[in-house]
Amino acid sequence: MKYLVRDKIFAIGDDYWIEDEQGRHAFLVDGKALRLRDTLELKDPDGQVLITLRQKMFSLRDAMTIERDERPLATVRRKRLSLLRNHYRVTLVEGTELDVSGRILDREFTVEYEGELLAHISRQWFHVRETYAVNVVREDADTALLVAVAVCVIRMAERERGDD
């Protein structure tokens, strides 16, 4: 299932919809303004908070936490940086690790678990530059989590580059 994201510059306080392949609202990304730290909420079309993304305070390395039901679900950190590819590690609270790698700022990257593709994020399916897709390839995958991971790593990469 592909989810379409219109690249609206991830500024705090900006809200935007992520649509499914049929053009229906699937998720609302709600940027929380006037907070001490970077906070985004991923909501369903009815306004129910599914996932909260928060910048981790006082961390030695840039990190964000992913929460569900106000409890930690995962931590996202930059893994390593090379000239052409960004790498992030998503560590879920029970110890599972997801690997995110590719050209994050170009919106061309993957999310994998032990070498198995879970999601592919790409602009290649669109002619409009400001649009990219989160293609969740496993039917049993946690779609909200994978969309949140994509939003999170893009946010972190833009912050590292100095877009904020």
Side-chain angles (χ1 to χ4, degrees), residues 1-35 37-55 64-76 78 85-90 92 96 98-113 116-161 163-164:
M1 173 67 96
K2 285 184 187 143
Y3 295 91
L4 284 54
V5 182
R6 307 226 189 284
D7 227 358
K8 275 193 145 181
I9 308 301
F10 293 102
I12 296 303
D14 282 356
D15 300 342
Y16 57 93
W17 283 101
I18 295 173
E19 300 172 348
D20 66 15
E21 290 178 285
Q22 288 75 40
R24 295 182 303 242
H25 290 167
F27 302 103
L28 174 67
V29 178
D30 185 359
K32 296 299 179 183
L34 303 174
R35 297 265 173 111
R37 58 186 177 170
D38 193 353
T39 303
L40 300 168
E41 290 178 341
L42 186 68
K43 298 179 177 180
D44 69 14
D46 297 323
Q48 177 76 26
V49 176
L50 303 172
I51 303 257
T52 302
L53 306 171
R54 297 184 201 279
Q55 178 184 1
M64 289 187 81
T65 59
I66 299 175
E67 300 171 3
R68 178 176 277 147
D69 299 324
E70 299 184 23
R71 291 191 311 270
L73 178 62
T75 301
V76 181
R78 185 167 55 100
R85 299 173 66 82
N86 296 104
H87 296 264
Y88 290 82
R89 171 147 301 141
V90 180
L92 286 98
T96 301
L98 306 179
D99 187 51
V100 180
S101 64
R103 296 184 324 274
I104 308 295
L105 294 172
D106 291 335
R107 310 312 190 252
E108 296 291 338
F109 59 98
T110 60
V111 181
E112 298 179 341
Y113 169 67
E116 182 182 348
L117 181 65
L118 299 178
H120 180 217
I121 292 74
S122 180
R123 282 190 170 142
Q124 74 180 5
W125 297 296
F126 302 101
H127 298 293
V128 180
R129 177 153 167 58
E130 287 77 29
T131 302
Y132 66 92
V134 178
N135 185 16
V136 178
V137 297
R138 284 207 31 181
E139 289 185 26
D140 62 342
D142 184 337
T143 301
L145 174 62
L146 292 172
V147 168
V149 165
V151 169
C152 188
V153 298
I154 290 169
R155 180 86 182 130
M156 292 174 71
E158 287 178 343
R159 195 173 329 124
E160 285 175 20
R161 187 176 70 180
D163 285 359
D164 272 351

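Heads up: numbering here begins at 1 and tracks the sequence.
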Open item on the list: Could you work out, with ring pair (Phe, Tyr, Trp, His ring centres under 6.0 Å) as the rule, every residue matching F27, not counting sequence neighbours?
Closed with: Y3
Open item on the list: Assess the residue pair T131 and V5 against the criterion (side-chain contact (heavy atoms from CB on, under 4.5 Å)); give the C-alpha distance rounded to whole Å, side-chain angles, the decisive distance to 0.1 Å, and a yes or no.
Closed with: CA-CA 6 Å; T131 302; V5 182; over 6 Å; no
Task: Inter-residue atom distance Y132.OH - L4.CG, 0.5 Å rounding - done: 10.5 Å
- [ ] Output the distance between atom CE (M64) and atom CZ (R54), rounded to the nearest 0.5 Å.
- [x] 10.0 Å
TODO: Taking side-chain hydrogen bond (donor to acceptor under 3.5 Å, both in side chains) as the test, write out the residues that go with E112, two or more places apart.
DONE: none
- [ ] For E116, enumerate each residue passing the salt bridge (Lys or Arg N to Asp or Glu O under 4.0 Å) test, keeping only those at least two apart in sequence or located in another chain.
- [x] R138
TODO: State, with a plain yes or no, whether a side-chain heavy atom of V76 is found less than 4.5 Å away from one of R89.
DONE: no
Open item on the list: Suppose we screen for side-chain hydrogen bond (donor to acceptor under 3.5 Å, both in side chains). Which residues come up paired with R24, at least two apart in sequence or across chains?
Closed with: D20, Q22
TODO: Check the pair N135, I121 against side-chain contact (heavy atoms from CB on, under 4.5 Å), reporting the backbone distance first and the verdict last.
DONE: CA-CA 6 Å; N135 185 16; I121 292 74; over 6 Å; no
Task: Student check: side-chain heavy atoms of L98 and Y88 closer than 4.5 Å - done: no
Task: Residues D99, V111; criterion side-chain contact (heavy atoms from CB on, under 4.5 Å); working and verdict - done: CA-CA 6 Å; D99 187 51; V111 181; over 6 Å; no
Task: Non-neighbouring partners of L73 that pass side chain to side chain contact (heavy atoms under 4.5 Å, CB included), sequence neighbours left out - done: I51, I66, R68, L92, L145
Open item on the list: Using every non-hydrogen atom in the two residues, find where A74 and V90 come nearest and quote the distance to one decimal.
Closed with: CB-CG1, 3.8 Å
Task: 4.5 Å side-chain heavy-atom contact, P45 and L28 - done: no
Open item on the list: Would you compute the distance between atom CG of L53 and atom CG of D30 and round it to the nearest 0.5 angstrom?
Closed with: 11.0 Å
Task: Distance in Å, L50 CG paired with D44 CG, rounded so as to fall on 0.5 Å steps - done: 5.0 Å
Task: Distance, nearest 0.5 Å, that separates OG1 of T52 from CG of L42 - done: 9.0 Å
Task: Spatial distance of atom CD1 (I104) from atom CZ (R78) [nearest 0.5 Å] - done: 11.5 Å
Task: Lys/Arg N to Asp/Glu carboxylate O, E108 vs R123, below 4.0 Å - done: no
